[in-house]
Amino acid sequence: MAVDSKIDGHKLILHPKRVAEWKEKGDCYPIYIEIGPTNICNHRCIFCALDYLGHEGFNIDTELMINTLKEIGEKGVKSIMFAGEGEPLAHKDIGLFVQTAKQSGIDVSITTNGVLFNKEKAEQFLHHLSWIRFSIDAGTSETYNKVHRGGENDFNKVIENIKNAVEIKKAKNLNTVIGIQFLMIPDNLNDVLKLAQIAKDIGADNLQIKPYSQHPKSENSLVLYYEDYAHLEKELEKFNSPDFKIFFRKQTMQRVEQGINYSGCHGLPFFALIDAKGNIIPCNLFYDIPEFTYGNLHENSFSEIWKSEKRQQVLQRIREKGIEDCRHACRLDVINRYLQRLKNPQSHDNFV
């Protein structure tokens, strides 16, 4: 089974200047930002971590987003992922956002359910993406409809859209990685091998098998334990080839059950989240909570917000709140483990 530090680890060690700045000053400019251009979604997935938010129909203003992308590129943000609280492809200007970000020196990715990623969109901006990941979470149309709760024929649409993307990638000799994601929950456990075969047959580059992690505010609770699906690791190995890899997220699965073993969320300076209303927040625990919002792009620029006293006050509130109620194996989990070690030198560290 493929084990890849790019998937199950972290890459802060590849940004020593930014880490050194953080270690010296306790703060730095983010390396990576997740952006939700819209909170509109064409699915109502039973596993959605943000199911408690609803979908009010907010789209981020196009001019505001364009200006922000140019600004954060100038300030040294290295990468962004368009995802967020809705389906990112539901924003009418997502192609323009991807193009602008890439032209601003930012590596760009998208996580999507893929229904809207038709051939026209693939032709428009697939070449600007470092990677695109399709959340499918099923191996049959029946299971897909049960867990995604979208259109009746959406499973087939997504598969066709991925096929088109693969053809465009090959025709244009692109480096874009086309991946598929499968979130393990009780309702889809029997579909893993089916999706693995489909993913390989249609020419995807990889399939990630991920564990469910309970969001503290989520209305759903679909926890599976590692022992419930550990046997699948061996069965999935047969699908690996030079052109197709399955990433069975074993380390992440174990961290979900292990819980948190660091003293605070040290990684927040390296990451930010922009929602569809233009709010900049620390992570997805703090959607629609004003006291934990750094600021809003309709009122101040990203740089002004990042350097603001209000942001420092929010970080202090988080330190005081503690992380006992945080989501296990969250996006910053591995980074926090690494930074915890840097903050706590040991007696033999100089013997390299």
Side-chain angles (χ1 to χ4, degrees), residues 1-9 11 14-15 31-35 37 65-66 69-70 72-73 76-83 87-136 155-182 195-210 236-249:
M1 190 59 55
V3 177
D4 194 326
S5 61
K6 292 183 293 185
I7 302 292
D8 244 340
K11 294 182 278 292
L14 303 178
H15 301 276
I31 294 173
Y32 168 69
I33 296 176
E34 180 178 325
I35 300 175
M65 185 79 270
I66 294 299
L69 290 169
K70 292 177 179 179
I72 64 176
V77 169
K78 302 295 184 183
S79 63
I80 59 173
M81 177 175 72
F82 288 109
E87 166 51 51
L89 297 183
H91 196 293
K92 65 181 180 65
D93 290 318
I94 184 64
L96 179 59
F97 296 161
V98 171
Q99 179 182 356
T100 301
K102 189 62 178 178
Q103 291 174 344
S104 300
I106 304 170
D107 291 337
V108 191
S109 63
I110 290 179
T111 293
T112 172
N113 61 44
V115 175
L116 303 176
F117 195 67
N118 54 30
K119 196 168 186 178
E120 180 182 358
K121 284 189 172 66
E123 291 277 7
Q124 181 187 10
F125 59 83
L126 182 66
H127 59 291
H128 289 308
L129 298 174
S130 295
W131 53 264
I132 183 168
R133 187 177 302 145
F134 297 87
S135 296
I136 298 185
F155 180 77
N156 295 325
K157 286 182 182 178
V158 175
I159 299 304
E160 189 63 28
N161 287 343
I162 297 174
K163 288 180 181 178
N164 289 333
V166 170
E167 290 177 4
I168 291 169
K169 173 182 175 175
K170 290 179 178 178
K172 297 186 176 182
N173 195 27
L174 305 179
N175 292 322
T176 307
V177 175
I178 298 174
I180 296 174
Q181 176 175 293
F182 188 103
L195 181 60
Q197 188 64 63
I198 292 171
K200 185 172 184 175
D201 289 346
I202 63 178
D205 294 302
N206 63 61
L207 169 65
Q208 291 190 37
I209 312 298
K210 295 181 62 177
L236 287 163
E237 286 181 355
K238 65 182 181 182
F239 294 98
N240 283 323
S241 71
D243 299 319
F244 179 74
K245 300 294 182 186
I246 291 186
F247 296 103
F248 189 79
R249 303 285 297 275

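Values below: all heavy atoms of this structure, side chains included; hydrogens, waters and symmetry mates excluded.
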>> With a 4.5 Å cut-off on side-chain heavy atoms, are K245 and D205 touching?
In response: no
>> Is there a side-chain contact between V108 and H128 in this structure, where contact means two heavy atoms from C-beta onward sitting under 4.5 Å apart?
In response: no
> Within a strict 4.5 Å, meaning less than it, do heavy atoms of the I136 and I159 side chains meet?
Replying inline: yes
> Which atoms form the tightest heavy-atom contact between L116 and E87, and what is the distance?
Replying inline: CD1-CG, 4.2 Å
>> Rounded to the nearest 0.5 Å, what separates atom CG in L207 from atom CZ in F134?
In response: 13.0 Å
>> Are the side chains of V166 and I202 in contact, using a 4.5 Å heavy-atom criterion?
In response: no
> Out of L96, I132, V98, T176, which one pairs with F125 under the side chain to side chain contact (heavy atoms under 4.5 Å, CB included) rule?
Replying inline: V98
> Looking at CD1 of I246 and OG of S241, how far apart are the two atoms once the value is rounded to the nearest 0.5 Å?
Replying inline: 9.5 Å
>> Between K102 and D107 (salt bridge meaning N to carboxylate O under 4.0 Å), is one present in this structure?
In response: yes
> Judged by modelled atom types alone, do E160 and N156 share a side-chain donor-acceptor pair under 3.5 Å?
Replying inline: no
> What closest approach, in Å, do I94 and P37 show between heavy atoms, and which atom pair accounts for it?
Replying inline: CD1-CG, 4.3 Å
> Would you say F82 and H91 make side-chain contact, with heavy atoms under 4.5 Å?
Replying inline: no
> How many angstroms lie between atom OH of Y32 and atom CD1 of I106, to the nearest 0.5 angstrom?
Replying inline: 12.5 Å
>> Using the rule given for side-chain contact (heavy atoms from CB on, under 4.5 Å), can you reason through K238 versus N240, listing the C-alpha separation, both sets of side-chain angles and the distance that settles it, and then say yes or no?
In response: CA-CA 6 Å; K238 65 182 181 182; N240 283 323; over 6 Å; no
>> Quick check for you: to the nearest 0.5 Å, what is the distance between F117 atom CZ and L126 atom CG?
In response: 5.0 Å
> Hey, are the side chains of I209 and F247 touching, using non-hydrogen atoms and a 4.5 Å cut-off?
Replying inline: no
> Quick one: do K172 and E123 make a salt bridge, cutoff under 4.0 Å?
Replying inline: yes
> Run the side-chain contact (heavy atoms from CB on, under 4.5 Å) check on I72 and I33 step by step: do they pass?
Replying inline: CA-CA 9 Å; I72 64 176; I33 296 176; 4.0 Å; yes
> For G95 and Q124, which heavy atoms make the closest approach, and how far apart are they?
Replying inline: CA-NE2, 3.7 Å
> Taking side chain as C-beta onward, heavy atoms only, is I198 less than 4.5 Å from F155?
Replying inline: yes
> Taking all non-hydrogen atoms of both residues, which atom of F239 and which atom of F244 are closest, and how far apart?
Replying inline: O-CD2, 3.4 Å
> Are the side chain of S109 and the backbone of I80 linked by a donor-acceptor contact shorter than 3.5 Å?
Replying inline: yes
>> Let's go through T100 and K70 carefully: what are the C-alpha distance in whole Å and the side-chain angles of both, what is the deciding distance for side-chain contact (heavy atoms from CB on, under 4.5 Å) to 0.1 Å, and is it a yes or a no?
In response: CA-CA 7 Å; T100 301; K70 292 177 179 179; 4.1 Å; yes
>> Does any part of the side chain of I35, heavy atoms only, come nearer than 4.5 Å to the side chain of F97, both counted from C-beta?
In response: no
>> Could you walk me through whether T111 and M81 satisfy the side-chain contact (heavy atoms from CB on, under 4.5 Å) test, starting with their C-alpha distance in whole Å, then the side-chain angles of each, then the deciding distance to 0.1 Å, before giving a yes or no?
In response: CA-CA 7 Å; T111 293; M81 177 175 72; 3.2 Å; yes
>> Nearest 0.5 Å, please: how far is CD1 in I31 from NZ in K11?
In response: 10.5 Å
> Which distance, rounded to the nearest 0.5 Å, do you find between the CG of D93 and the CD1 of I66?
Replying inline: 7.5 Å
>> For a quick test of reading the model, state the closest non-hydrogen atom pair linking K121 to L89 and the distance between them.
In response: CE-O, 3.9 Å
> So, does N164 use its side chain to make a donor-acceptor pair with the main chain of K119 at under 3.5 Å?
Replying inline: no
> Which pair of non-hydrogen atoms, one from V158 and one from G114, has the smallest distance, and what is that distance?
Replying inline: CG2-C, 4.0 Å
